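This is a predicted model, so every value here is computed, not measured. Quick note: numbers below take in every heavy atom, side chains included, and nothing from hydrogens, waters or symmetry partners. Ligands are counted one by one from 1 in listed order, and the atoms in each one are counted from 1 as well.
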Amino acid sequence: MTVTERERLIGAPVDRIEGRDKVEGKAAYAVEWSVPNPAYAHLATATITRGTIRAVDATAARAVPGVLAVITHEDAPELADGSGELGILQSPRVAYRGQVVGIVVAESSEAAREGAELLRFDYAVEPHDVVLTSDHPTLYRPDTVSPGFETDTVVGDVEAALHAAEVKVDATYSTPAEHNNPMEPHATTAIWEEDALTVIDAIQGAFFARNEIARRFGLDPSRVRVLAHHVGGGFGSKGPPRPQAIAAIMASRHVGRPVRLALTRRQMFALTGYRTPTIQRVQLGARKDGRMTVIAHDVWEQTSTVEEFAEQTSVVTRMMYAAPIRRTTHRLARLDVPTPSWMRAPGECPGMFALESALDELAITCGLDPIELRVRNEPRVDPESGLRFSTRNLVACFREGAERFGWAERDPTPGIRRDGRWLLGTGVASSTYPARKWPSVAYARRLDDGTFLIRIGAIDIGTGARTILAQIAADTLDVPLDRIHIEIGDSDFGRAMLAGGSMGTSSWGSAVVMACRRLLLGQDEALADTEGEQEESASKHAFGAQFVEVAVNMDTGEVRIPRALGVFACGRIMNAKTARSQFIGGMTMGIGMALLEESVMDPHLGGFVNPDLAQYRVPVNADIRDVEAIWVDEVDTAVSPMGAKGIGEIGIVGTAAAVANAVHHATGVRVRDLPIRPDRLLGKLPR
Ligand code: MOS
C-alpha cells in the first residue's frame, strides 16, 4: 500500500461495516436475537408518586391466557445490592411515579402486557414534592459532582471583584428536564442457566454492565456475559444497566427460560434517566474593553430520593475563559422524581447554554462583537488548573466559521432585519468537551489467510465505532481495510471503556493501536492493555464554534433555523462520513434543546405528562434545513496515539446558546429559559 493510500484510510469517508446488515434488517438488536423458547416480560409501574404498596391483587393478571408468572416485591428475589434505581421490587416503597412495581411474564409480549395492565396495587399515598426551585428546603451541597469533580471552586474575592467591575452581567437562566429518545427502546434478553447468566442488552458498555449485574445478583463476574452487537442509540441513557435488565434477569430465573423485555416509549420517561432541569446564575465582571476580571457560575439542579446524581453543570466554566477571580458551585434538591442521569454532554451542554448566553449579553453591554469578546478572553493556560492545553483551537474555529458564514457583514443592531413577517438574526457560541480516555484491552491475531482478527469490548451505538476501529487497525498494520475482521460488543473481550463521555475512539483506538504494533513486532497473537500507560499532563479538551441564523415569525413567535454551521477542533478526524454525522447529529439535538425538547413535570400528578414522541418534541426533517459541520486541522497525540480526541458530544454543546443569541439579534428579546417556545416571545416582539 502506498503512503497516499494509507493517508487516505484515516479520515476517509468509509461506509459503516454493518450498514448493509442494518438496512436489510439482519443486524439483531437486544430482543431480536434468536434464542430457544423465549418468554416475554412486561413491567407494571407505579401510578402514584410517593407512598407504600399495602396490597397486591394479581388474580386478573394471572388469569390472562399465556401468563406464566407475576413477580412483585412480595416474592422477588433479594438482590445482593438492592439500593438505588436498579434495586427493583426490594420493598413496598414507591419513590417516584413510574417506578417498577411488578413484572409479568408470559408466552407472548401481548399477554405479558395485558397481564401487567391488570395487576392491581393498593397504595397508601403520601404527599410529594417534585418541583426544583433555587430556594428549595432540601437543597444540599453534594460531596462531588459527576464524575468526581470538586463541587465548588473559588479563586479570589468574587463579591469584591463583581462590585468593582466596570461592566457587569448578572443573569439567571434555566433549562428543563429532557429525555433521551434513542430509536431502540431499552431492552434486554436474559438467559439464566444453572451456572451462567447471559444478558443481551441495549447497553453502551458491556464490561461495566457485566460487573454491575454480577454485583447486584451476588454472582462471580466470570459467570456473567453481556452481549451487545448492535445498539440503536443511547446518548447516555444506555450507559449503566437500566431496571429492565434486572427485571429480565429476575424473570428468566423465575420461569427457567430465556426472557425478552423491552420498555415502552412511555416507560422510558421514568426508567432510563433524564437530563436534570437546571437553574443557573451567571455573573460576569469585565473591563470596558471586554476583558473579564471575574466569572461566577452558581447552579441549582435536582436528584431523587433513590440515589444521588450530581451533574457537573458549571465545571465547564472552570476552563473556558480567562479571568483572575472566579467561582463555580452546585446545589442539589432531593425530590420525589426518577434519578437524573446522562444525556449527551451532561454538564457541558446545559452549563454552556448559560455561560455562552451570558457572554453574548456581555458583548452587547461592551459594544463588542461576540467573537472578538471571546478572542479577548482566550486563556493562555487552563485558568483554574494552570495546566497548558494539549491543543486549543477555539479561535481558529471562530475565524474559519466567520469566513464561511459571512460574519463580517453582520450589523449587531437587534430587531432590524425583516423578510415579510419574519425577523432575521444571527448568533454564535463556543463549544467544548473534555478529551479523555480510559484503560481498555484489545486483542489482535494474524490469521492463516493473511487477514487479521481484532477483538475489543467496544460498543457501536450507531456512531460508526466498529468501522473506525477497523480503519485504525488497518492503518497501524499498513494493510487494506478488507483484511481486517473486527469483533466487538462482548464483555468476554475484557475491560473496555463504554461508548460514552466521547471516549470510545480514544480509549478503544489506543488499545487497538497497541495490539497491532505488537503484531508488527513479530507476535502472532497480541493482547494489549492500556492500563497504567503514562499520560501526558495537560488540560485536554475539544473545541468548536457554532454559527446560527434564525427567522422569528412576528405573528406566531415561531422560530425557524434556515442555517447552522459548526466548526470543530477535535484532533484528527478518523472517518469524515461518520464524524460529520456525529457533529450534525449533535447540532440537531442542540436545535431540539433550543426550541422543542421539554419534559413537563406536573406538580400535582408528580410525573412527566408528555411521555411519548407525539408530545415530547424532537426535531424532524422539516425543522432542520441547512446544517453543516466542518473541522480544522488538528492532531493531538497527548490524547491518543491516533491524534484523535472525541466527537460524540461536542456537537450539542453551545448550539442552544447560539440559537438564543441569534433570537436576541433577530428580535431584541433575550430568552433565558429553554426551550424558546412561541409563548416566550409573543407579546414582546417588535410590531
Ligand atoms: Mo454520553 S451522555 O457520555 O453517553
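For the 3.5 Å distance criterion, the side chains of Thr175 and Thr278 qualify, holding a donor opposite an acceptor. No donor-acceptor contact under 3.5 angstrom links the side chains of Glu311 and Ser146, judged on distance only. In this model, no donor atom of one side chain and acceptor atom of the other lie less than 3.5 Å apart for Thr303 and Arg334.
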Side chain to side chain donor-acceptor pair (under 3.5 Å) for Glu85 and Thr339? Distances and angles first, verdict last. CA-CA 7 Å; Glu85 287 280 346; Thr339 311; 2.6 Å; yes
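Applying the salt bridge (charged side-chain N to carboxylate O under 4.0 Å, His left out) test to Asp382 and every residue at least two apart in sequence or in another chain returns nothing.
Salt bridge status for Arg260 with Glu32: absent, with no side-chain N to carboxylate O gap under 4.0 Å.
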Contact table, ligand 1 N/O with protein N/O, distance under 3.5 Å:
{"unit_1": "ligand 1", "atom_1": "3 (O)", "unit_2": "Gly501", "atom_2": "N", "d": "2.5"}
{"unit_1": "ligand 1", "atom_1": "3 (O)", "unit_2": "Glu649", "atom_2": "OE2", "d": "3.0"}
{"unit_1": "ligand 1", "atom_1": "4 (O)", "unit_2": "Gln204", "atom_2": "NE2", "d": "2.9"}
{"unit_1": "ligand 1", "atom_1": "4 (O)", "unit_2": "Gly236", "atom_2": "N", "d": "3.1"}

